[in-house]
Trainee: 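Below is a structure I'd like to ask you about.
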Amino acid sequence: MTERFGGSFTQQEAIPEDAIEAAVAVLRSGRLHRYNSDDGEVAALEREFAAYTGAKYALAVASGGYAMGAALRAVGVKPGDKVLTNAFTLAPVPGAIAGVGGVPVFVGVTEALTIDLDDLQAKASSASVLMLSHMRGHLADMDRLMQICDAAGVTVIEDCAHTMGATWRGRMSGRDGLIGCYSVQTYKHMNAGEGGFLITDDDDIAARAILLSGSYMLYARHGTVPPEAAFERAKYVTPNLSGRMDNLRAAILRPQLWRLELQCEAWNARYRIVEEGLQNTPGLTVVERPDEETFVGSSIQFLLLDWPDGYVSEVLSRCAARGVQLKWFGGAEPEGFTSRYDSWRYAPSERMPASDRVLRGTIDMRLPLTFSLDDCALIARIIRAEVGAVWQSING
Ligand SMILES: *Cc1c(COP(=O)(O)O)cnc(C)c1O
């Protein structure tokens with residue numbers, strides 16, 4: 001009998017009971033706005049997130065995209081400025097750059113699905129800021145990346161939407177750059193529906209970001225507060241671009257943060273089973289993970305490199321018929337979130353043949369924690385069988 005998977009690739013776990021209780025308490029209090037309490041849930045969450053990442057300052061905001069936009073403004077990106085970023089990432093990343101009037105300069109992607117450091121080296125002199133997206137949780141060699149950027153005077157902002165909880169040589173993702181940005185919308189590592197964080201050690205960046213987020217001069221009520229002098233320098237020249245987090249979301253997030261490490265382990269157990277099940281499948285390349293990286297396997301990618309036209313979509317439809325939803329970054333048109341640098345036509349770029357080859361073969365799959373380990377083994381068997389069948393038809 002043909003095996004079929006019946007689970008949902010978009011079903012997250014329920015919000016934990018203690019988080020629900022904390023949320024209900026906020027609702028009963030009526031004090032949902034962060035400045036409606038002197039030291040409420042948002043301030044507590046900021047302290048806890050700063051402690052978790054080891055950053056001096058954490059700011060909770062309305063979304064990950066908002067955090068990136070605030071980061072770009074805080075480092076001084078002005079309309080017309082070029083900003084380096086990944087050719088392989090999701091639309092809110094070039095969107096954040098365009099949102100401040102910046103001009104994205106796309107840097108290629110390697111078979112490891114990380115930013116191409118040779119291409120970065122070649123383009124580093126063309127901009128003073130890199131918005132680095134750790135797309136799908138793959139960390140580039142952060143030592144070399146920082147060397148390149150430091151040597152070229154490029155400020156690094158990290159988009160850690162997929163690396164909350166990940167490390168490079170023991171350093172938390174988001175701590176190499178001047179600023180780290182995170183998302184806590186439903187499909188990320190903590191689920192508040194919408195929300196984000198910005199972290200930094202820099203007093204002036206923190207003060208500007210707090211003012212940007214819309215502090216009505218109540219910045220002393222933040223969880224982590226830079227010195228008054230930093231606010232004095234910024235407070236009359238920084239616009240208020242309201243994008244605060246509220247106490248309800250923060251109440252939902254705090255208990256999730258306390259459990260984040262366990263959740264990351266649960267993701268990795270699932271990841272390892274799928275990865276193991278896909279090893280040595282003819283025609284399929286498993287993405288190697290470097291020893292320096294500890295990742296969070298909330299999704300998995302593999303490559304069908306150099307397949308002739310038409311056959312990758314055959315794999316997708318055969319897997320879909322058996323309940324396995326794969327996303328493909330090589331289709332002619334974006335479907336859902338699978339846009340790529342050439343889809344963002346407001347930011348025209350030269351073609352990057354080596355990156356195009358990788359993207360044409362990049363398959364992506366979510367691994368929600370509602371999947372059991374057995375589910376993951378079944379999913380891997382299905383992919384393996386369908387890739388194998390199509391590969392046979394090409395080479396048979
Ligand atoms: C989700 C995501 C973001 C932005 O987060 P939002 O909270 O949805 O604004 C940024 N970068 C990547 C790679 C993402 O996946």
Side-chain angles (χ1 to χ4, degrees), residues 9-10 12 42 45 49 58-73 83-100 102 104 106-107 109 113-115 129-140 156-166 173-174 177 179-199 209 212-213 241-246 249-250 252-253 256-257 267 287 295-301 327 329 334-341 343-344 347 355 359 362 364-368:
F9 283 78
T10 55
Q12 313 305 322
V42 183
L45 174 66
F49 196 70
L59 170 67
V61 292
S63 73
Y66 184 91
M68 292 189 291
L72 290 163
R73 272 182 210 272
V83 177
L84 296 156
T85 195
N86 305 59
F88 174 50
T89 184
L90 295 189
V93 181
I97 297 168
V100 299
F106 296 108
V107 182
V109 59
L113 297 185
T114 55
I115 194 164
V129 176
L130 166 64
M131 172 59 80
L132 170 65
S133 184
H134 303 301
M135 176 62 172
R136 287 299 184 247
H138 298 275
L139 289 172
V156 178
I157 300 170
E158 295 181 68
D159 164 22
C160 305
H162 305 160
T163 53
M164 184 186 281
S173 184
I179 304 176
C181 302
Y182 303 80
S183 169
V184 289
Q185 53 107 306
T186 294
Y187 298 106
K188 312 299 163 89
H189 298 172
M190 298 197 289
N191 177 9
E194 299 283 0
F197 291 105
L198 179 159
I199 63 166
L212 285 166
S213 76
L241 304 175
S242 288
R244 296 165 301 272
M245 184 179 281
D246 57 87
R249 272 162 221 221
I252 294 170
L253 287 168
Q256 294 184 55
L257 180 57
W267 264 306
V287 180
F295 59 90
V296 182
S298 52
S299 67
I300 189 165
Q301 294 71 44
K327 304 289 173 177
F329 282 88
E335 284 177 31
F337 57 75
T338 65
S339 62
R340 16 161 234 260
Y341 73 98
S343 322
W344 307 317
S355 297
L359 292 170
T362 301
D364 178 37
M365 185 176 80
R366 282 196 180 115
L367 287 173

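All ligand and atom numbering here is 1-based and tracks the order in the structure. In this chain, numbering begins with 1 at the start of the sequence shown.
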Trainee: Return yes or no for this condition: an N or O of Arg136 is under 3.5 Å from an N or O of ligand 1.
Mentor: no

Trainee: Do any heavy atoms of Gly196 fall under 4.0 Å from ligand 1?
Mentor: no

Trainee: Does ligand 1 come near enough to Asp159 that some N or O of the ligand is less than 3.5 Å from an N or O of the residue?
Mentor: yes

Trainee: Supply the atom-to-atom distance His138 NE2 to Thr114 OG1, rounded to the nearest 0.5 angstrom.
Mentor: 8.5 Å

Trainee: To check your reading of the model: name the closest protein heavy atom to atom 8 (O) of ligand 1, its residue, and the distance in Å.
Mentor: Gln185 NE2, 2.9 Å

Trainee: Report the part of Val184 (side chain from C-beta onward, or backbone N, CA, C, O) that has a heavy atom under 4.0 Å from ligand 1; answer both or neither where that applies.
Mentor: neither

Trainee: Can you sort out which atoms of ligand 1 are near Ser133, meaning under 4.0 Å from one of its heavy atoms?
Mentor: 13 (C)

Trainee: Which atoms from ligand 1 have a heavy atom of Lys188 less than 4.0 Å away?
Mentor: 1 (C), 2 (C), 3 (C), 5 (O), 14 (C), 15 (O)

Trainee: Is there a donor-acceptor contact under 3.5 Å from the side chain of Tyr182 to the main chain of Ile199?
Mentor: no

Trainee: Suppose I only count heavy atoms of Ser183 and a 4.0 Å limit; which atoms of ligand 1 are within that range?
Mentor: 5 (O), 6 (P), 7 (O)

Trainee: Which is it for Cys181 and ligand 1 at heavy atoms under 4.0 Å: side chain, backbone, both or neither?
Mentor: neither

Trainee: Take Leu198 and Tyr66 through the side-chain contact (heavy atoms from CB on, under 4.5 Å) test and state the conclusion after the steps.
Mentor: CA-CA 9 Å; Leu198 179 159; Tyr66 184 91; over 6 Å; no

Trainee: Looking only at distance, does Glu194 have an N or O less than 3.5 Å from an N or O of ligand 1?
Mentor: no

Trainee: Look at ligand 1 and say whether Met68 reaches it with a heavy atom at a distance under 4.0 Å.
Mentor: yes

Trainee: About how many Å separate OG1 of Thr163 and NZ of Lys188, when rounded to the nearest 0.5 Å?
Mentor: 10.5 Å

Trainee: Should the ring pair Trp267 and His189 be called parallel, tilted or perpendicular, given that the plane angle runs from 0 to 90° and is split at 30 and 60?
Mentor: tilted

Trainee: To the nearest 0.5 Å, what is the distance between CZ (Arg136) and CZ (Phe329)?
Mentor: 5.5 Å

Trainee: I need the Asn86 CG to Ser355 OG distance, nearest 0.5 Å.
Mentor: 10.0 Å

Trainee: Quick test: of every protein heavy atom, which one is nearest to atom 15 (O) of ligand 1, and how far off is it to 0.1 Å?
Mentor: His162 NE2, 2.6 Å

Trainee: Rounded to the nearest 0.5 Å, what separates atom CE in Met131 from atom CG in Leu72?
Mentor: 4.0 Å

Trainee: Check whether any N or O atom of Gly65, backbone or side chain, sits under 3.5 Å from an N or O atom of ligand 1, and answer yes or no.
Mentor: yes

Trainee: Is Glu158 reaching over with its side chain to a backbone N or O of Gly180, donor-acceptor style, under 3.5 angstrom?
Mentor: no

Trainee: How many angstroms lie between atom CD1 of Ile157 and atom OG of Ser133, to the nearest 0.5 angstrom?
Mentor: 12.0 Å

Trainee: Could you tell me which atoms of ligand 1, counted from 1 in the order shown, lie closer than 4.0 angstrom to a heavy atom of Pro92?
Mentor: 3 (C), 4 (C), 10 (C)

Trainee: Within ligand 1, which atoms have a heavy atom of Val93 less than 4.0 Å away?
Mentor: 11 (N)

